[in-house]
Structure formats: structure tokens, C-alpha cells
Amino acid sequence: MFRAELLKLRTTRTPWALGVVALAGMVLVQALTIVLPRVLSSLEGMGGGATVGLQASPEMTADLAPDLGSLTDLGAAPVQRAMLDLLGNGPAGSGSAGVSVICMLLLGVLAVTTDFRTGGIVPTALVVPSRLRVLAGKAGATAVVALVIGAALAVLTALGLLAAVASTPGAQLMVGAGDVLGVWGRGLLVLVLFAWLGLGIGTLIRGQVAAILVVVGLVVVEPLIQAAVVLLSGGTSSAAAWLPLGLGSLASTGQSATSVLGGLAPLGVGVAVLGLAAWVAVALGSGAVTFRRRDLV
């Protein structure tokens, strides 16, 4: 079943298109990360409040310039570690879904909903009556595709980091091999978990358009919820830290979305991985139950 599902994904255009989009998004993030310090430096040389906006006052510039400098210092270890992030969130680590995260969610959704849309799920079930085996095969196939795309993303992040260090005067590589492998390893795991989360959503909803709208809603609404919780609680509530996109960001690089927004970030990387795995278990488990009990057409 695994080989059959992998063949489906390998011979259709959707995974290839999602892979290209994920790689293009990573190239854009790496390019912006390298270019942004130079843009800010040139604006700073113009004087006034140009570093934070054309209408910014000198007082605002004085307050925000150190933060902007720390987020764009290509010689700093946190920024270099963020450049290795396979999720493509950038140095700010905002927790908003990077292009690669969106692609993984859509990969999982389309891997299952395409069969329902085209009717291919019926002959599949006739050949393999165990629906759990069918779902397990889809999970394995999407995991392999996610790992292949993640490996390509890792190559791009390495090239981006080397280009950033080589083009920045006085900058040195501040991350060791252990840090690099740790960020990449956790990033690959998170990409697989997001692909499985999409698979669970698609299995539970079945309708392709509806499932895609749910993914879009998750991507758009979660950052708004994070900001609202931080603002309404004055930064004292950690409830928003348990949402899936924020957990993925924290699990990958150790940078929490809520901490960037000014809220608490009490979760560790291990807890974030387990939290994201729990979301996946709920989605896939619910999808498996409905998949077994409902008619296929």
C-alpha cells in the first residue's frame, strides 16, 4: 500500500508543484534576510527616522533600532540559526506559517482528498479492504515526500547561510555542527507532522475545497489569535503558545511566536514537539474513525 501511494504522489503534478513553491519561498526568505541589513544600513545613513519608516520620529527610531539590529545581524548566532529553519519563518520567527508549512499542510490535504474527488478511493479500498492500511500507506508516502522536500530546503538554507556569512564583513559562522543538525532534524520532523496534520484534516473533511479552506483559515486566523491573546492578557497568558503553528515554530528553532509578540513562552522544544504531535494525533485519529465508519462515496 505504501508503494502504491508513493507512486500516486510521484506521478502526479501536485507534490512537484508544492515542492517547487516551497523551494522558491525559501529562496525568497534567504534573499530577504541577506538583503535587509544592507537596506537598513543605507536608510540609516540617510538620517532621521528612515530606519523604521518615513514618518518615524527620532525617539521611535532610537527605541526600535536596537531590536531591528538584533533581528538582522547576520553575524549573530540566533539569526544564523533562524536562517537554517526549514519552516521558512525568517529571523523574526513570527510563528506565521512559512511557505514550506503551507505546502506541507496542502500536501497532506491533497494526498487524500484527490482520491475522494476523482473516485480513486473506491478501487483502492477494493484492493486493500483495511481502511487503516490505506490511511497508513498515505501517511508513509506523504512523510517520504515531506522528507525529500525538507532535504532540498536544508541545502538551500545551508547555501543561504554561507552566502550571508561570506558577504557580511567581519561575520563568522557562529553555529556548530550540533546546532545545524539539531535545527535540520527537528525541522524535518515538524514538516512531516504538518503533512500528517493536513492528511488528518483532509481525511476528516473529505471535500477538497472545504479542506483547503480550513487550512487557509488556520494559517490566517492563528496569528491573529496569538496577537489577541497577548494584547488582552498583557503578555501574561501562555494559552496561544499551544496552537499548532506556534508549536511548530518553537519545535523547529526554539523561537516562540508568543515571545516575539511580547507574551510568555514557557514551553520547551521537547514539549512543543509533543504538543504538535498531539494535534496530529487528534486530527488523524478523528479522520481514521470517520474513514472507517462512513461510506466512501
Undergrad: Looking at every heavy atom in both Pro123 and Gly119, which two are closest together, and how far apart are they?
TA: CD-O, 3.3 Å
Undergrad: Between Leu9 and Pro15, which heavy-atom pair has the shortest distance, and what is it?
TA: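 Closest heavy-atom pair between Leu9 and Pro15: O-CG, 3.1 Å.
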Undergrad: Any side chain to side chain donor-acceptor pair (under 3.5 Å) involving residues 277-297? Give me the pairs, sequence neighbours left out, ordered by first then second residue.
TA: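 Of all non-adjacent pairs touching residues 277-297, none passes side chain to side chain donor-acceptor pair (under 3.5 Å).
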Undergrad: How many angstroms lie between CG in Leu162 and CG in Leu173, if you round to the nearest 0.5 Å?
TA: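 Interatomic distance, Leu162 CG to Leu173 CG, rounded to 0.5 Å: 7.0 Å.
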Undergrad: Do Leu87 and Leu153 have side chains that approach each other closer than 4.5 Å (heavy atoms only, starting at C-beta)?
TA: no
Undergrad: Under a 4.5 Å side-chain heavy-atom rule over Ile, Leu, Val, Met, Phe, Trp and Tyr, are Val271 and Val273 clustered together?
TA: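 Yes; tracing contacts between hydrophobic side chains, which count when under 4.5 Å, links both residues.
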Undergrad: Examine distances only and state if a side-chain atom of Gln30 and a backbone atom of Met83 form a donor-acceptor pair shorter than 3.5 Å.
TA: yes
Undergrad: Would Leu159 and Val155 count as a side-chain contact (heavy atoms from CB on, under 4.5 Å) here? Give the steps.
TA: CA-CA 6 Å; Leu159 294 175; Val155 173; 4.2 Å; yes
Undergrad: Could you grab the distance from atom CD1 of Ile102 to atom CG of Leu218, nearest 0.5 Å is fine?
TA: 9.5 Å
Undergrad: Mind checking side-chain contact (heavy atoms from CB on, under 4.5 Å) for Leu188 and listing every partner two or more places apart, or none if nothing turns up?
TA: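 Leu188 satisfies side-chain contact (heavy atoms from CB on, under 4.5 Å) with Leu86, Leu147 only.
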Undergrad: Does Val112 reach the side chain of Thr142, with side-chain heavy atoms less than 4.5 Å apart?
TA: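 No. Closest side-chain heavy atoms not under 4.5 Å.
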Undergrad: Please identify each residue that fulfils salt bridge (Lys or Arg N to Asp or Glu O under 4.0 Å) with Arg81, with sequence neighbours left out.
TA: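 Per chain and number, Arg81 pairs via salt bridge (Lys or Arg N to Asp or Glu O under 4.0 Å) with Asp179.
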Undergrad: Answer whether the closest heavy-atom distance between the side chains of Leu276 and Phe194 falls below 4.5 Å.
TA: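 Side-chain contact under 4.5 Å: yes.
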Undergrad: Shortest non-hydrogen contact from Gly187 to Ser252?
TA: CA-OG, 3.9 Å
Undergrad: Do Ile149 and Cys103 come close enough that some side-chain heavy atom pair is under 4.5 Å?
TA: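 Answer no - side chains too far apart.
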Undergrad: So, for Thr168 and Ala164, which heavy atoms are closest and what is the spacing to 0.1 Å?
TA: OG1-O, 2.6 Å
Undergrad: Could you see if Leu106 belongs to whatever hydrophobic cluster contains Val209? Use Ile, Leu, Val, Met, Phe, Trp, Tyr and a side-chain cutoff under 4.5 Å.
TA: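 They do not share one cluster, since no chain of ILVMFWY contacts under 4.5 Å joins Leu106 to Val209.
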Undergrad: Is there a path from Leu193 to Val215 through hydrophobic residues (I, L, V, M, F, W, Y) whose side chains come within less than 4.5 Å of each other?
TA: yes
Undergrad: Between Val214 and Val220, is there shared hydrophobic-cluster membership here, with clusters defined by ILVMFWY side-chain heavy atoms closer than 4.5 Å?
TA: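 Per the 4.5 Å side-chain linkage, Val214 and Val220 are co-clustered.
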Undergrad: Check whether any side-chain heavy atom of Val29 lies under 4.5 Å from a side-chain heavy atom of Asp85, and answer yes or no.
TA: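 No; the side chains remain at least 4.5 Å from each other.
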Undergrad: Sequence neighbours excluded, which residues qualify as side-chain contact (heavy atoms from CB on, under 4.5 Å) partners of Val180?
TA: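 Partners of Val180 under the side-chain contact (heavy atoms from CB on, under 4.5 Å) test: Leu84, Val175, Trp184.
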Undergrad: Taking the side chain as C-beta and beyond, is there a heavy-atom pair between Arg186 and Val269 under 4.5 Å?
TA: yes
Undergrad: Determine whether more than 12 heavy atoms belonging to other residues, nucleotides or ligands lie under 6.0 Å from atom CE of Met1.
TA: yes
Undergrad: Any side-chain heavy atom of Val190 within less than 4.5 Å of one from Met104?
TA: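 The answer is no, as the side chains (C-beta and beyond) never meet within the 4.5 Å cut-off.
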Undergrad: With clusters defined by side-chain heavy atoms of hydrophobic residues (ILVMFWY) lying less than 4.5 Å apart, directly or transitively, does Val280 cluster with Leu204?
TA: no
Undergrad: Looking at every non-hydrogen atom in both residues, tell me the closest pair between Ser100 and Ala22 and how far apart they are.
TA: CA-CB, 4.2 Å
Undergrad: So, does Glu222 use its side chain to make a donor-acceptor pair with the main chain of Leu245 at under 3.5 Å?
TA: yes
Undergrad: Let me confirm one number: the CZ-CD1 distance from Arg131 to Ile121, rounded to the nearest 0.5 Å.
TA: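 It is 8.0 Å, given to the nearest 0.5 Å.
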Undergrad: What are the two closest heavy atoms between Ala195 and Ala146, and how far apart are they?
TA: CB-CB, 4.3 Å
Undergrad: Would you mind reporting whether Val144 and Leu6 have side-chain heavy atoms less than 4.5 Å apart?
TA: yes
Undergrad: Under the side chain to side chain contact (heavy atoms under 4.5 Å, CB included) test against Leu197, which residue among Val109, Val192, Leu105 passes?
TA: Leu105
Undergrad: Run the salt bridge (Lys or Arg N to Asp or Glu O under 4.0 Å) test against Asp115 and tell me which residues pass, sequence neighbours left out.
TA: Lys8, Lys138
Undergrad: Can you list every pair that meets side chain to side chain donor-acceptor pair (under 3.5 Å) and has a residue in residues 201-212, with sequence neighbours left out?
TA: Thr113-Gln208, Thr114-Gln208, Arg117-Gln208
Undergrad: When rounded to the nearest 0.5 angstrom, what distance separates CD in Gln80 from CD in Gln172?
TA: 9.5 Å
Undergrad: Val99 and side chain to side chain contact (heavy atoms under 4.5 Å, CB included): which single residue from Val21, Leu18, Leu28 fits?
TA: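 Of Val21, Leu18, Leu28, side chain to side chain contact (heavy atoms under 4.5 Å, CB included) with Val99 is met by Val21 alone.
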Undergrad: With a 3.5 Å distance limit and no angle check, can you tell me whether Ser249 reaches the backbone of Gly246 through a side-chain donor-acceptor pair?
TA: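 Here the side-chain-to-backbone pair does not exist.
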